[in-house]
Each structure stands twice: as C-alpha cells, then as structure tokens.
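Working notes, structure below.
Quick note: numbers below take in every heavy atom, side chains included, and nothing from hydrogens, waters or symmetry partners. Residue numbers begin at 1 in each chain, while the letters A, B, ... track the order of the sequences.
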Amino acid sequence: DGGITQSPKYLFRKEGQNVTLSCEQNLNHDAMYWYRQDPGQGLRLIYYSQIVNDFQKGDIAEGYSVSREKKESFPLTVTSAQKNPTAFYLCASSIAPSNTGELFFGEGSRLTVL
Amino acid sequence: AQSVSQHNHHVILSEAASLELGCNYSYGGTVNLFWYVQYPGQHLQLLLKYFSGDPLVKGIKGFEAEFIKSKFSFNLRKPSVQWSDTAEYFCAVISNQAGTALIFGKGTTLSVSS
C-alpha cells in the first residue's frame, strides 16, 4: 500500500537528548513537510522540502533540524535546544508544491520529554 | 501578519442539526483553500478544496464550503450532522504570496451527540 510511514509512534526522551523522528513515503511525491500539533494550536509548520537536498524553515524551526538526502525520506531531529518538545509530530507529502495539490499525512509520532 | 482564523474552538451539536464552521484568512493574492478532518485516532484527511471556479465546493460525506473572496472566508457547512462527524476540523490556506506550504488554522472540535 502506498502511503507515509512515521516511526516511532510513541517516543520518550530525557531532557538534553536529541531524538530523530523518521518519515518515509512511497508515493513518489516531490515535497515533504513536518508539522507540530498541539492542543488548541492547530498544525504549525516546522520545515518543508520541495526537492532532494533542499529544505526551508517553517514558522517554528528553532530547535529542529532536517535532511532530505533521498526523495522518499525526510527525518526530523528534535534537538536539546527545542524548549518545549513534547508534542504530536506529523509528516506529510504532496505531489508538487502544495499550492497545487493536497497533503497526505502520516499517522504521527508522539514525543514526550520526561 | 498572515494568518488563518477559525472562529469556534469547540462546537457541540445534536444529530440532524445543521453545521457551519467559520474560517477567515488574511493573505493577499491568489489563494487555494482546504478543509481537513481528523477523526479520533485517524490520519488527517482532506475533506474538500477550492482552487478556482465555482466558489461553492462539495466534499466527502455531504460537506460543502463556500469561498467568499470579499470576506476572505471559506466556511464549512453540512445540512445535517451525524454522530460519525465527531472530529477535529482544520481550515488551511496557501497563498502565492506566502510561500509554498499550507498554513493551518487552530482547528475546531466538533462533538455530535446521538
């Protein structure tokens, strides 16, 4: 089945540790995105990538990093510099830049910092 | 600042009641508009979208939305809700003046009682 796979689904981290969330898609989509979802805050854009080896910061990129070495993969690293990392993280992809198409979302990864 | 506003944080309705969820945006230029839905425990999925043409668009499960350019609005409607419509609803906008990633509103939680 085609789709977006995020792992792990649940992750616990101690303060001061970096953690990497995986996002893989087999839809052959060019663009990939990371959003953060908090109760009452909706979805806020962290980073996005239109093509391999290129990515742009979203509204809340501080404390996060990404890479796009392969078309199908867009991992997100939550660094120790992120002040409030406990959240639900959603990865998405689209055929083209999303001003012409819809986003397809993964199931999400819930990160809890202890 | 460019933003997407959803007027209602939580809406509670009885089955068969009519629904209207408000969405306003503050972007200039050409916009594409979306409504996404997140049922409990499920992926975010596209409900409907507007790119151009007839400002009244129809989506899945009997939902529709009307784009009113003069009011910068894209309100979601359904004539008669069902218990299964209980979900969180997100309005999203992309503007050719705001980059190439969807910006989401904060969401509206709809609770439908049977």
Side-chain angles (χ1 to χ4, degrees), chain A residues 1-6 9-10 23 25 27 29-51 54-61 64 66 68 74 87-110, chain B residues 1-11 21-52 57 59-60 65 87-109:
Chain A
D1 289 338
I4 299 176
T5 302
Q6 290 187 240
K9 193 169 183 177
Y10 299 96
C23 179
Q25 54 100 357
L27 301 168
H29 286 173
D30 295 307
M32 297 186 74
Y33 310 81
W34 275 104
Y35 288 88
R36 170 179 169 146
Q37 185 177 9
D38 297 283
Q41 295 293 318
L43 278 71
R44 292 180 290 169
L45 182 65
I46 304 173
Y47 268 99
Y48 62 104
S49 168
Q50 307 287 6
I51 56 172
D54 188 44
F55 48 82
Q56 287 77 43
K57 292 183 179 180
D59 298 323
I60 56 166
Y64 299 97
V66 293
R68 187 85 187 277
F74 191 41
F88 189 55
Y89 292 89
L90 285 166
C91 179
S93 69
S94 67
I95 296 172
S98 63
N99 58 344
T100 57
E102 68 183 86
L103 295 185
F104 294 82
F105 284 88
E107 290 187 337
S109 293
R110 187 169 298 280
Chain B
Q2 296 164 330
S3 65
V4 179
S5 300
Q6 292 184 239
H7 311 304
N8 312 100
H9 178 61
H10 193 182
V11 173
L21 302 182
C23 174
N24 286 87
Y25 62 93
S26 62
Y27 296 87
T30 303
V31 292
N32 291 341
L33 301 150
F34 303 79
W35 276 96
Y36 281 81
V37 60
Q38 189 174 34
Y39 297 104
Q42 295 189 25
H43 295 203
L44 266 163
Q45 58 186 283
L46 182 69
L47 199 56
L48 48 78
K49 60 188 176 185
Y50 172 80
F51 290 165
S52 63
V57 293
I60 60 172
E88 191 160 16
Y89 293 81
F90 295 94
C91 181
V93 178
I94 182 109
S95 164
N96 63 0
Q97 292 186 357
T100 55
L102 276 181
I103 303 299
F104 286 81
K106 293 187 176 182
T108 298
T109 300

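- If you measure heavy-atom distances from A:D38 to chain B, you find no contacts under 4.5 Å at all.
- B:F90 is linked by a ring pair (Phe, Tyr, Trp, His ring centres under 6.0 Å) to nothing, counting only residues two or more places apart in sequence or in another chain.
- For B:Q38, the part lying under 4.5 angstrom from a heavy atom of chain A is the side chain only.
- With a 4.5 Å cut-off on non-hydrogen atoms, B:E88 touches chain A through its side chain but not through its backbone.
- Partners of B:H43 under the ring pair (Phe, Tyr, Trp, His ring centres under 6.0 Å) rule, at least two apart in sequence or in another chain, do not exist in this structure.
- In this structure, A:F88 has its ring center at least 6.0 angstrom away from the ring center of A:Y35.
- Side-chain rings of B:Y36 and B:F104 approach one another, their centers coming within less than 6.0 Å.
- Both the backbone and the side chain of A:L43 come within less than 4.5 Å of a heavy atom in chain B.
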